[in-house]
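Quick notes on the structure that follows.
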Number of protein chains: 2
Amino acid sequence: MTGPTRAVLLVEDDDAIADMLRGFFERDGYRFFHALTGEEAVQRLRLRPVSAVLLDLNLPGIDGIETCRRMREFSRAPIIMLTARDSEVDKVLGLEMGADDYVTKPFSPRELMARVKAVLRRAEEPAAKPRILEVQGFEIDGGKRTVAVPSGSVVEPTAREFDLLWFLAENAGLVMSRSQILEVVWGYEYFGETRTVDVHIRQLRKKLQG
Amino acid sequence: MTGPTRAVLLVEDDDAIADMLRGFFERDGYRFFHALTGEEAVQRLRLRPVSAVLLDLNLPGIDGIETCRRMREFSRAPIIMLTARDSEVDKVLGLEMGADDYVTKPFSPRELMARVKAVLRRAEEPAAKPRILEVQGFEIDGGKRTVAVPSGSVVEPTAREFDLLWFLAENAGLVMSRSQILEVVWGYEYFGETRTVDVHIRQLRKKLQG
DNA sequence: CACTTAGTTCACCGGTTCTTTACAAATGTG
DNA sequence: CACATTTGTAAAGAACCGGTGAACTAAGTG
């Protein structure tokens, strides 16, 4: 779970389906973007890379296959296609076009999320390793999610606190605005107060001195 | 992966799928053979042994199950079945017939290749060494699938419980999220509730403190 | 069939964590 | 200095999380 927040881009013209999926993904800690058309999706993907694309094949305007092709011109993001049952033709076409997986409608949200996870895992596997950051005498253990402070004692921050510390330590020396921190640590779709950061910082300072 | 070139034999009556898979496998350094019918596949396998057989269940002429049976009469090559969704009957039958794994359609080529690799790996390490993990006074016996607790008594967890314990013990000290645990212990395609993990953990704790 | 066991899901509770808010202190600016 | 802006602190309520009992399903057994 360490590492950057995961984001998915859904390309789907049915708002009801999109809203439903948004719920599931956000509850699971993903950032969720929704594009109504293929053109919009391609444009979005150019602007902000995501961890995976969920691509409905039945789209107004350019269809899913074409969308997939255009995306593949510049992005290697995993693409999961959402297809109607039994459309074998589309399936083969889609896979040739560079899709990574398929889910046939109707699908359960859980199944879809499992596929997304499988795809992400495959993509992330080579790199995934528990790291340890050393900053100013602090040893921040991403595996144990603990911090060894200079005095010798070991602190166990809460989840948010640790994510926050990890982010700051990764970019040690760089000045980060509150909204930058919120974006990365809390997730891009978080609309909370920026002062929340202050409170967590304070909590961290308290825990890390001593 | 030292040794002879890896070769797979696909038994599949759909040329489009076959061509698509050929691309994936050959790009990955496999030799790729394609048979359209069960009879043809059996004959091929007699002539030239392969590292793995990918066997579509829906075949003209003799079906996948029968093909599998005939192959097993003379070959121990790993067989991966390609089945339509929801054909539980076939699945069980296939595994009883001696298949090593199965993949439900539609599948992603990458998923299929991952399965092939897994099967090959298993085949190459014939004697799965029964290991024993020692963590915090617990002796976890992967062969017997039992646990000797510090007090001296020996516990026999259920299958899931043991797999869960084994995974945690292998990564002793590391913090694992529920979804990480689900992915590894339950399997990548598991769609269940994350709280299931809690319940099994509780059960383990109960059994291990004694 | 009744009965057992394993596995999964759910609802609830109590404690922790997170977020917001309000205000004080510090800092910047004319 | 007077004022605005930013930062630190404390407290309180909301939201969340982990532990638990229990219901339920599925599979195996006598």
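In what follows, chains carry the letters A, B, and so on, assigned in the order in which the sequence lines appear, proteins first and then strands, with residues in each chain numbered from 1. All heavy atoms count here, side chains included; hydrogens, waters and symmetry mates do not.
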Scan nucleotides 16-26 of chain D nucleotide by nucleotide, 5' to 3', and note B when protein non-hydrogen atoms come under 4.0 Å of the base, S if they reach only the sugar-phosphate, - if neither. --BBBBB----
In whole angstrom, what separates A/E193's CD from C/dT19's P? 11 Å
Would you tell me if any nitrogen or oxygen in the side chain of A/T196 comes within less than 4.0 Å of OP1 or OP2 on C/dC18? no
Side-chain N or O of B/T158 less than 4.0 angstrom from OP1 or OP2 on C/dA6? no
In whole Å, what is the span from the CZ atom of B/R160 to the P atom of C/dT9? 10 Å
May I have the distance from B/L165 (atom CG) to C/dG7 (atom P), rounded to whole angstrom? 13 Å
Can you establish whether the number of heavy atoms outside A/Q43 located under 6.0 Å from its atom CD is more than 12? no
I'd like to check the ring pair (Phe, Tyr, Trp, His ring centres under 6.0 Å) partners of B/F162; sequence neighbours left out, ordered by chain and number. B/W166
Tell me the interatomic distance from B/E161, atom CD, to C/dG7, atom C1', rounded to whole angstroms. 9 Å
Quick check on salt bridge (Lys or Arg N to Asp or Glu O under 4.0 Å): which of B/R145, B/R205, B/K206, B/K207 does B/E161 satisfy it with? B/K207
For A/T37, all residues meeting side-chain hydrogen bond (donor to acceptor under 3.5 Å, both in side chains), sequence neighbours excluded: none
If the condition is side-chain hydrogen bond (donor to acceptor under 3.5 Å, both in side chains), which residues does A/D198 pass it with, not counting sequence neighbours? A/R178, A/R195
When you check the phosphate oxygens OP1 and OP2 of C/dT8, does a side-chain N or O of B/W186 lie under 4.0 Å from one of them? yes
Those residues at least two apart in sequence (or on a different chain) that pass salt bridge (charged side-chain N to carboxylate O under 4.0 Å, His left out) with B/R70 are B/E66
Can you check the B/E156 CD to C/dA6 C1' distance for me, whole Å? 15 Å
Whole angstrom value for the distance that separates C1' of C/dT8 from CG of B/D163: 16 Å
Sequence neighbours excluded, which residues qualify as side chain to side chain contact (heavy atoms under 4.5 Å, CB included) partners of B/V199? B/R202
Protein-nucleotide distance (A/I181, atom CD1; D/dT7, atom C1'), rounded to Å: 13 Å
Spacing of A/L204 atom CG relative to D/dT9 atom C1', expressed in whole Å: 16 Å
